[in-house]
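Throughout, protein chains are lettered first and strands after them, A, B, ... in sequence-line order, and every chain is numbered starting at 1.
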Amino acid sequence: MAFEKIKRSENYSEWYNNLVKNADLAEHSAVKGCMVIKPYGYAIWEKMQQQLDKMFKETGHSNAYFPLFVPKSLFEAEEKNAEGFAKECAVVTHYRLKSDPNHPGKLIVDPEAKLTEELIVRPTSEAIIWNTYKGWIESYRDLPILINQWANVVRWEMRTRLFLRTAEFLWQEGHTAHATKNEAIFETKQMLDVYTEFAETFLAVPVVKGVKTPNERFAGADDTYCIEGLMQDGKALQMGTSHFLGQNFAKAFDVKYTNKEGKQEYVWATSWGVSTRLMGALIMAHSDDEGLVLPPKLAPIQLVIVPIFRTDEEKELVFAEAEKIKKSLTQINISVKFDNRDTHKPGFKFAEWELKGVPLRIGIGPRDVANQTIELARRDNKTKQVINASELLTVIPELLKDIQNAMYQKALDFRNENITEVNSWDEFVSVLENKGGFIAAHWDGTSETEEKIKELSKATIRCIPLDNKLENGQCVLTGNPSSQRVLFAKAY
RNA sequence: CGGGGUGUAGCGUAGCCCGGUAUCGCGUCUGCUUUGGGAGCAGAAGGUCGUAGGUUCAAAUCCUGCCACCCCGACCA
């Protein structure tokens, strides 16, 4: 394993790229901007999926699946949405290839096989889904519709980065239809809470819940709620969004229902999504110069056992003990890997599992077997302790909880230390350049000022926090009156 | 897409300016010795030099197009 160590402090983005590759999470593919998610990386994504899926179902949602392609006429139906995505759409124009008469063995697009209507590869599925919902909704009795789909989408980004922004990515998108505005708003906020709980409890990444400014709103939404996380380099990452779509899609696709009074009304909508970008959040929020650091709740392997031995007799002894440990821990639902490879030495294995972020490691050798002890090493803070073998089943689950909590606490402390209140433009620029992180500043509420600030500083308004306290002040740029602070940051 | 850089064995690289088919390290394979923090010695295998053209007796090296990646911008629902 040739792991070229790059420090976060030296080159954060190179560190990130190397980590993703060396920890076996993903690699670039032969397709521009698209990645191959490798088994270890996909295993983490599967853990995320399983948990989110459970939470969606607990809040009454069902999974379904809609087509990858959207006919152009449907795609353009909701004008703002279409406009917002138009610049980054992959378009299917033909349905057949044929042999190239001029270059044997090569293929060309068959000009005879032009589609009468182009198909858009979905960048998001509102259009195809609302076109479908039209056929499903007639009466208030048909509502609400609470559907989620796990899918891939394509957004032709100019500049891509593994997990953070790829041309094709995996995500889930919830699309719900409601009889009333209040119910839809409740749904929007409920799903934001689900995302928040997931981010904080499972990813161990604290997030700010907030609402986007009109500039940053999802194209076609009346309101976009989001959770914003802070990465170790001081840049913010949008980790999930939940949109209140109002009646925009219902009107665009003419989706009406008959209410109890017999009157026709447009349906209210929401949509919400998180993507494989969360993998990027997970990596950037916790990992260190030794590699990945995974929170126990999402680690595909929670504990690895590395045997240490010299002779065949020792090997036999140690392996027997290791198998015993594995079995007893597996029985209490801990995911254990016994690294019984005889092709690598312990030191190599220690380093490799650290690189892969396994939260806990047991090192066991003849000495431990003789003393009935076990050496336990934590990945998050690199501490080691020796415990009595009999304590195993009580100590390990506690330690896993500790690690999960410690990781969250560490990220939370970092995040809190990096929310800085500023009251002048000079301060704003200085904090942004020297410290980074979130900047809590007054803003006069206009798009013009928001854009001007972005232009001058590269910082955007990440969100208006939902729990914001009202406070009179003056806009950090224009000096105009403001009633609350908003969070600015440079973002991924 | 604009500016800058890079592309040579699985990975990291030397060679490029000044043309003559390639250096070193890691890894891989074989054997022996090793094993409580990335093992040692000996031997071996592995290359259309990103790709397509061009110049030349001869191209990793010079020229052009294309592709990919990195850094800085633009873009980012």
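Checking A:T59 against A:Q190 by side-chain atom types alone, no donor-acceptor pair falls below 3.5 Å. No hydrogens or angles considered: nothing links the side chains of A:S242 and A:T188 as a donor-acceptor pair under 3.5 Å.
Of the possible polar contacts, one joining the A:Q172 side chain to the A:V274 backbone as a donor-acceptor pair under 3.5 Å is found.
Taking atom C1' on both nucleotides, B:A22 is separated from B:G65 by 26 Å, rounded to a whole Å. With both ends at atom C1', the span from B:A14 to B:U61 equals 13 Å, rounded to whole Å. Rounded to the nearest Å, the gap between the C1' atom of B:U6 and that of B:C49 is 14 Å. The gap from the C1' atom of B:A60 to that of B:A9 amounts to 14 Å, rounded to the nearest Å. B:A59 and B:A52 are spaced 15 Å apart, taking the P atom of each and rounding to whole Å. Distance check on atom C1': B:G38 versus B:U21 gives 36 Å, rounded to whole Å. Taking atom P on both B:A45 and B:A39, the two are 26 Å apart, rounded to the nearest angstrom. B:U64 and B:C17: their P atoms are spaced 15 Å apart (whole Å).
Scanning atom types as modelled, one donor and one acceptor separated by under 3.5 angstrom connect the side chain of A:R361 and the base of B:G37. Side chain A:E314 to base B:G36: no donor-acceptor pair is found below 3.5 Å.
With A:R8 as reference, A:Q232 is the one residue of A:E14, A:M284, A:Q232 to meet the side chain to side chain contact (heavy atoms under 4.5 Å, CB included) rule.
Relative to the ring axis of A:Y492, A:K235 places its NZ or CZ within 45° and under 6.0 Å from the centre. A cation-pi geometry, defined here as NZ or CZ lying under 6.0 Å from the six-membered ring centre and within 45° of its normal, holds between A:R361 and A:F350. For the pair A:K345 and A:F348, the NZ or CZ position fails the cation-pi test of under 6.0 Å to the six-membered ring centre and within 45 degrees of the ring normal.
For the pair A:Y492 OH and B:C76 P, the computed distance is 18 Å after rounding to whole Å. B:C75 atom P lies 11 Å from atom CD of A:E216, rounded to whole Å. In this structure, A:N215 places its CG atom 10 Å from P of B:C76, rounding to the nearest Å. Distance A:W156 CH2 to B:C1 C1': 15 Å, rounded to the nearest Å. Whole-Å rounding puts the A:N18 CG to B:C69 P distance at 16 Å. Between the C1' atom of B:G38 and the CD atom of A:E352 lies a distance of 10 Å, rounded to the nearest Å. Atom NZ in A:K349 sits about 11 Å away from atom P in B:G36, given to the nearest Å. For the pair A:I308 CD1 and B:U34 C1', the interatomic distance rounds to 15 Å; values are reported in whole Å.
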Distances under 3.5 Å only, N/O to N/O: pair up the protein atoms with those of nucleotides 70-73 of chain B.
{"unit_1": "B:C71", "atom_1": "OP1", "unit_2": "A:S13", "atom_2": "OG", "d": "2.0"}
{"unit_1": "B:C72", "atom_1": "OP2", "unit_2": "A:R159", "atom_2": "NH2", "d": "3.3"}
{"unit_1": "B:G73", "atom_1": "N7", "unit_2": "A:R159", "atom_2": "NH1", "d": "3.2"}

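Heavy-atom distances under 4.0 Å link RNA chain B to no residue of residues 267-288 of chain A.
Residues A:M48 and A:M279 are in side-chain contact: their nearest non-hydrogen atoms beyond the backbone lie under 4.5 Å apart. In this structure, A:R462 and A:E216 have side chains that are in contact, with non-hydrogen atoms separated by less than 4.5 Å. Contact check for A:W272 versus A:L192: no side-chain heavy atoms found under the 4.5 Å cut-off.
Under the 4.0 Å criterion applied to side-chain N and carboxylate O atoms, A:D222 and A:K80 are not assigned as salt-bridge partners. By the 4.0 Å N-to-carboxylate-O rule, A:K326 lies too far from A:E323 to be salt-bridged with it. For A:E228 and A:R415, the salt-bridge test fails: no basic side-chain N is under 4.0 Å from an acidic carboxylate O.
If you check every strand for non-hydrogen atoms under 4.0 Å, A:D368 touches a base. When heavy atoms are screened at a 4.0 angstrom cut-off, A:E455 is found touching no nucleic acid atom at all. Residue A:P123 is classed as having no contact, given no heavy-atom separation below 4.0 Å to the nucleic acid.
Looking at the side chain of A:K345, the nearest of the listed nucleotides B:G37, B:C76, B:U35 is B:U35.
Across the interface with RNA chain B, nearest-nucleotide mapping of A:K382 and A:C34 shows A:K382 to be the residue nearer the 5′ end. The residue among A:G33 and A:R217 whose nearest nucleotide of RNA chain B lies closer to the 5′ end is A:G33.
Taking 4.0 angstrom as the limit, A:R367 places none of its side-chain polar atoms (N or O) nearer than this to OP1 or OP2 of B:G36.
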A correct dot-bracket answer for RNA chain B, with pairs being Watson-Crick or G-U at under 3.5 Å, [ ] for crossing pairs and | for inter-strand pairs, is ((((((((.[[[..)....(...]]].((((((.....)))))).....[[[[[..)....]]]]])))))))....
Checklist entry - Could you go step by step and tell me if A:T213 and A:N215 meet the side-chain hydrogen bond (donor to acceptor under 3.5 Å, both in side chains) rule? => result CA-CA 5 Å; A:T213 61; A:N215 271 4; 5.3 Å; no
